[in-house]
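Working notes, structure below.
Nothing here was measured: the structure is a model prediction, and the numbers come from that model. In what follows, chains carry the letters A, B, and so on, assigned in the order in which the sequence lines appear, proteins first and then strands, with residues in each chain numbered from 1.
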Amino acid sequence: MTTPRFQVSPPLSTAVRLRRALTTRALAALDTKGYAEIEVPLLAPYEDLRTALGPEISAQLFRFVDRDGTLLVLRGDLTPLVARQLAQVRSQKQGPIRVSYATRVARVQSAFAREQVESNELGFECVGVQGLDADVEVMVGALSLLEELGVQDAELSLGDVRISGGLIDAAVAAGAERAALEVAIAHRDPVALTRALGDAPKGLARAIAPTCELAPTAQALECIEAAGSQRAREGAAALRARVRALQDVGRGEQVVLDLSAQNDRGYYTGMRFVMHHPSFDSRLGSGGRYDELLSHFGQPCPAVGFGLSVDPLVFAAAGQGVTS
Amino acid sequence: MSPRPLRLAIPKGRLQSKTLAFLAKAGVCTSAQLDPGRRLVVDVPGAEAHLGMPLQLLLLKTVDVPTYVAHGVADVGVCGTDVLDEGDAQVLRPYTFPFGGCRLAVAARTDASDVDLSRAPMVRIATKYVRATRTLASSRGWNAEIVQLSGSVELGAALGLADVIVDLVETGGTLKANGLHVLQYVGETEVKLLAAPALAGARRRAVAKLVAALDATKEGPNDG
């Protein structure tokens, strides 16, 4: 389906039909790949999730107190809730677990923010499998899922949080301010980055500069591998391997490097990717590896997953005149 | 359906002419002179050869530029950090222009005795930059009441609405003409190229080419 930008909400009944159709199709496609559907709880005790959530995500969750005085959170970020559920399953069953889900979430947003307060999301997680093969499975799965839902030629911006994380750690050790570095990289602002680096060594400044590039090339990884920290070099090597693996399965044309990828959710530990498409003015979905999240729930275990918002796809389908 | 042109949102007024002149200098367009008449969407001649796709200008009120870029209606925009930092626009800032920089200053009437803001029991500050002023007052320990104005902020102090103003100062000429002087400079602003966060495909490549062309002028703050 070609997808012209479509800004006006379709009629309510049309939106419901389309969302149900897209979600059913997605979950069926994931089921054929071994991802069994689960339900994600609507509510969870905040205390169970507190250590697993980064400050940015914590701030976006609706919180309230139940009659017994327990602080609860409303379903906002699905990955920690799924991880908490799967940790309970893992306590009784070892081996890989593959799950999918589709549900509605609600997040606190500022008035200006692009995302709606409530949105319909679906995703899948692969728990208990480490390394390159699982990462490629999830990335290819994300591209295939979007194709199943009518979005051809999506672009996968691929990064590794260890690159920016390792470079920022090294710069902080040299006297730079962490918050200013994180903001400069998030904004891809090279002038702000230079200011934030202050008197950091020139080699480090050369290594960190590509994190602000909109279209970095493989040569940028060489700067990082030459002068970055151990952690940044690990991230760069892992990123190279994943790009090569995606090229080997014929998906190379859809991959772009993103050296600015940061641990924005607080739980990512390695590969991090975002899906875009020229016909959509917001990201379609995102995912990554989170090897330490289940340990917050007592079951240390590697994991990787992807989630997307269904609503832009519903709008696009309606804009194409599709009604069911 | 053919893809739409790359859209650059620029503020009407002073920044419009400076931006066009700089784009021409960077070789992105063939002419710094555009006569849009009353149109608000203008095609830029000569840009396609450089960027790989046609370029359109959207002529907007300054405060609306980040909105159009954050929503992806404009792919790129030109805007001062004074406007950016007052809002919550989620945009990228891949280039800083060598023009349009100003300083943020606290100013008061020249004929009034200087206010020691850290010792005053209460000071009323008139400003367009409420968020920046609130942060400033909080960080400096000022007991401040902030009055929001949308323009001609100098009058706020000149006519006694406020004790002091917080406003952008370029040469200081407007302050002096209205009987004010700078008490202290409290920040600096720059003019940034904004980019939509969800750029993909040909648009992302075109914006990367635009940034490269601007960088190639070697006039940015990092090239000093």
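Residue contact with chain B, scored on non-hydrogen atoms closer than 4.5 Å, involves the backbone of A:A186 exclusively. Interface remark: B:P94 contributes backbone and side-chain atoms alike to the contact with chain A (heavy atom separation under 4.5 Å). Proximity to chain B is limited to the side chain of A:V256, based on heavy atoms less than 4.5 angstrom apart.
Relative ring orientation between B:F22 and B:F97 is described as perpendicular, the plane-to-plane angle rising above 60° on a 0-90° scale split at 30° and 60°. Ring planes of A:F280 and A:H277: perpendicular class, angle over 60° (limits at 30 and 60°).
Pairs engaging residues 182-196 of chain B under the salt bridge (charged side-chain N to carboxylate O under 4.0 Å, His left out) rule: A:D189-B:K192, A:R195-B:E190, B:E190-B:K192 [sequence neighbours left out].
Paired with B:L194 under the rule side chain to side chain contact (heavy atoms under 4.5 Å, CB included), one option of B:L84, B:L8, B:D75 passes, and it is B:L84.
Chain A forms the most heavy-atom pairs under 4.5 Å with one residue out of B:V207, B:V211, B:L92, and that residue is B:L92.
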